[in-house]
Amino acid sequence: MFAITAKELTKRYRLGGVRHNSLRDALAGLIGRAGRGDEMTALDGVSFDVDEGERVGIIGRNGAGKSTLLKVLSRITRPSSGTAEIRGRVGSLLEVGTGFHNELSGRENIFLNGAILGMKRAEIAAKFDEIVAFSEMERFLDTPVKHYSSGMYMRLAFAVAAHLDPEVLIVDEVLAVGDISFQRKCLAKMRSAGESGRTVLFVSHDMSAITRLCERAIWIKDGRIASDGRAEEVVAAYLHEQSETGSERTWANREDAPGNDAAWLRGVRIIDDKHRNISSSDIRKPVGVEMTYEVTTPDKILVPNFHFYNDQGVCLFISHDWYSGWRDRPRPLGTYKSIAWIPGDVLAEGTVFVTVALSTYEPLIVHFVERDAVTFTVTDTLDGNSVRGDYAGVLPGVVRPKLDWETEAVPTA
Amino acid sequence: MNEAVLTKITPNRFSGVGLGELWRYRELIYFLAWRDVKIRYKQTAIGIAWAILQPVVTTLIFSVIFSRYANFDTGQVPYAAFALAGLTLWLFVHGSVTMASGSFTGNSNLVTKVWFPRLIVPIAAVIAGLFDLVFSFVVLGAMLGWYATGWHLSMLLVPLFVLMGFVTAASLGILFAALNVRFRDVRFALPFLLQVWMIASPIFYPSSIIGERTRFVFAVNPLVGAIEGLRSAVFGLPFDWAVIGISTLSAAILLAVSLAVFVHLEDDLADMI
C-alpha cells in the first residue's frame, strides 16, 4: 500500500516582470505590456511511489529541487502540473520552531508551535511532560524564549516536532543544528519513528545520516530524478558526481562548523606540491590534504588525522600526525594548519573521499570528525611512465604504490 | 492507519473554501488569536489600558467637537453614549481589518513553512480584535450606567449586531490580506479607504440626517445596519428592519466576494510573499 504517490510533479516559477508586486504592474500585465517573463523550472516531471513504512532520503545539491518537492508535498505551494496523493496524516517539518515567538515563554511556545504543526490542544497537553523531558528545559519553561540561547531554542523546538505523531513525516534538514548528543537523540527518535511503521521523507545534505536512517534514496538533479534506489548506491553515485567540485570546504562561523569546545574546523582543502588548490591530481604527483582549525581550549594534546576511502567505501588507510612535533606538546590557543602529504604513486585511480578528524587519545576524545569532508580524483594519463606502465586495461587494487623492483639475470652454473 | 485521511495535491485552482479543513484546524485559530492578543499587550507599557483608552478618548473628542458645533439630533440619548455605541463597533472593525490585512505578510514565516488552511490567518487576526471590543463594551456599560439610559430587553440582540460587524470585518480582512500579498498598494490604500468608510458610516452622526429614501442606498454599507441595530438594541429604540435587512444582505455578498477573491489568490500565497 502506497503512502505517497507522485505523478509527473512539475513546478515552474516565474522570474522577473510578472510578479505583480504592485497594482500598476498588474494593470500593465492585463493590457499585455508586461508579457510573459522567463520561467524557472524547479521540478520537472518527478514521479515516484513511497510505500507505507518506508524511509526515503532525498538528496541533491542546493537548488536541485529538493525543497520545492517537499513544499509541494507539504501543500505549501501547488504544483504547476502533475498530481500527488498522500495517505495518512501528514506532518511536515521544513523548519524547526516555525511560529515560535520570542515574547512568549517556552510553555506557551510549545502549545503554539504544536498547534501550528497540526496537533490538537488535548494532544499537546497529554504529551507536554514528555516534550519537556525530551528538551531537558524544565527550568526555563516560563522564561520568554528571547532569553534562550540558540541551542536551547532548538532543543525545545525539536522536542515539540519530535512528538508530532503523523503517519507520514516530511523532514527538511532540521538536524543540522544542535550539539552532537542532542542530534543523536533526534536521529534515534526519527529512526524509531520509521521503525514503528511511519513513512518518512527526509531531505539532508548529511549523507551518513541518509544512509543510516533511510533504506532508499532519491537523488534530485536539475528538477528531475537522477537516481532512485538503495540508499547506499544512490549516495555513492551522488558523492561521486559531487567529487568534481568537492575538493575544498570552509566553515565561516563556529556554530555551523564541526567541533566542540576544544577546537573547531575552519576548512579543508586538497593541494598540490606548490600549495595550490586542486580537485584532481596526476597519479604520479604528491597530493596534500590540508586542514585548518582553531584551538579554543588551551593545553590539550591534539592529534589531527585523515581517513581515506575510495568510492566503494573501502578504507584505504588512516594517517595521524605523530610526526610534526606536537605529539606530546600541549597546544596553545590559536589557529593551526596541518598538512598530510600523500606521495605520488601510492593511490589508485578514482575518487578519494577524505574524512577529517581531530582527536585526543588519552583519554579518547574526538573533537570533530567530518565524514567525506572533501574528495578528489586521481587520474592516470596513460603516457607510459606511471605504475600502470604499458598496460591500458582495468587495473584492480585499492592502492597503487610504486614498488622497487629488482630483476637480474641469474648466472647459471 | 487512518484510511480516512487522503491528501490530494493537484494544480487545480478554485478548489473551494475548505470549510471541513477549517473546522479541523479550529484550535489553531484560537491559538493564533491568543498569541496576537498576548503579544500586542506584552510589548506595550500600559498594556490593556490601550483597549480602554482608545474608545474613551475618541468619544471625548467627538463629544467636544460634534455636540458643540454640529448638534446632531440623537433624541433622548446623550450624544457621548450615542457616539460610543457606534465607536465600539467601528474601532473593532477598523482595528481588526488593519491587523488582518497585514496578517500574511506578518506571518510569512508560517505561511512559507507549514500548511494549514490559509483563511485561518486573517480570521484569527479579526478574532483577536474581539478582545478589544470586550473592553469597549465595558466602557460603554459604564457610560450607560452613568447616564442611566436604562436596561432594555432588546440588549439581548447586541450579539447579533456584533456578529454583523464581525462578518463585515472578517470579509474585508480576508480580502485585503490576500490582496496585500500581491499588491503592496493595499498598505497605502487601506488607511485612506478606512477613513472614507468611517465618514460614510453613522458613527458620529445619526442615520436620520440621511433622507428617508436614500437611507436604503446608505444601508448598502453593512456597518449602517450593524451600528444602527446595535444602537436600537442598546438604547431600546425601534429597529429599522429594512435597513438592517439590506445591510445583512450586503454583508453576506461582501463575504462571498471576499472568499471568492481569496480562493483565487490563495494558491500563490507562499510563492508571492
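By convention in this document, chain letters (A, B, ...) are assigned in the order of the sequence lines, proteins followed by strands, and residues within each chain are numbered from 1.
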Quick one: side chains of residues 44-51 of chain A, donor-acceptor pairs under 3.5 Å with protein atoms, not counting sequence neighbours, listed by atom name and distance.
| residue | atom | partner | partner atom | Å |
| --- | --- | --- | --- | --- |
| A:Asp44 | OD2 | A:Arg224 | NE | 3.3 |
| A:Asp44 | OD2 | A:Arg224 | NH2 | 2.7 |
| A:Ser47 | OG | A:Glu8 | N | 2.7 |
| A:Asp49 | OD1 | A:Thr5 | OG1 | 2.4 |

Check: residues 109-126 of chain B side-chain donor-acceptor pairs under 3.5 Å, at least two apart:
| residue | atom | partner | partner atom | Å |
| --- | --- | --- | --- | --- |
| B:Thr112 | OG1 | B:Ser108 | O | 2.8 |
| B:Arg118 | NH1 | B:Val114 | O | 3.0 |
| B:Arg118 | NH2 | B:Val111 | O | 2.9 |

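Between B:Pro11 and A:Ser81, the shortest heavy-atom contact is CG-CA, 3.6 Å.
A:Thr98 touches chain B through backbone and side chain together, each having a heavy atom under 4.5 Å away.
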Steps toward salt bridge (Lys or Arg N to Asp or Glu O under 4.0 Å) verdict (A:Lys71, B:Asp271): CA-CA 10 Å; A:Lys71 277 191 172 180; B:Asp271 299 340; over 6 Å; no
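Judged as a salt bridge (charged side-chain N to carboxylate O under 4.0 Å, His left out), and not counting sequence neighbours, the contacts of B:Arg24 are B:Glu21.
Annotation: side chain of A:Glu85 is not in contact with side chain of B:Ile9 (no heavy-atom distance under 4.5 Å). The shortest distance between side-chain heavy atoms of B:Lys8 and A:Thr83 does not fall below 4.5 Å.
When the heavy atoms of residues 35-42 of chain B are compared with those of chain A, the residues falling under 4.5 Å are B:Arg35, B:Lys38, B:Ile39, B:Lys42, listed by number.
Of the listed residues (A:Lys120, A:Glu108, A:Met119), the greatest number of heavy-atom pairs within a distance under 4.5 Å of chain B belongs to A:Glu108. Heavy-atom pairs under 4.5 Å with chain B were tallied for A:Ser92, A:Ala115, A:Ala84; the largest tally goes to A:Ala84.
From A:Ile116, atom CD1 reaches atom CZ of B:Phe31 across 9.5 Å, with rounding to the nearest 0.5 Å.
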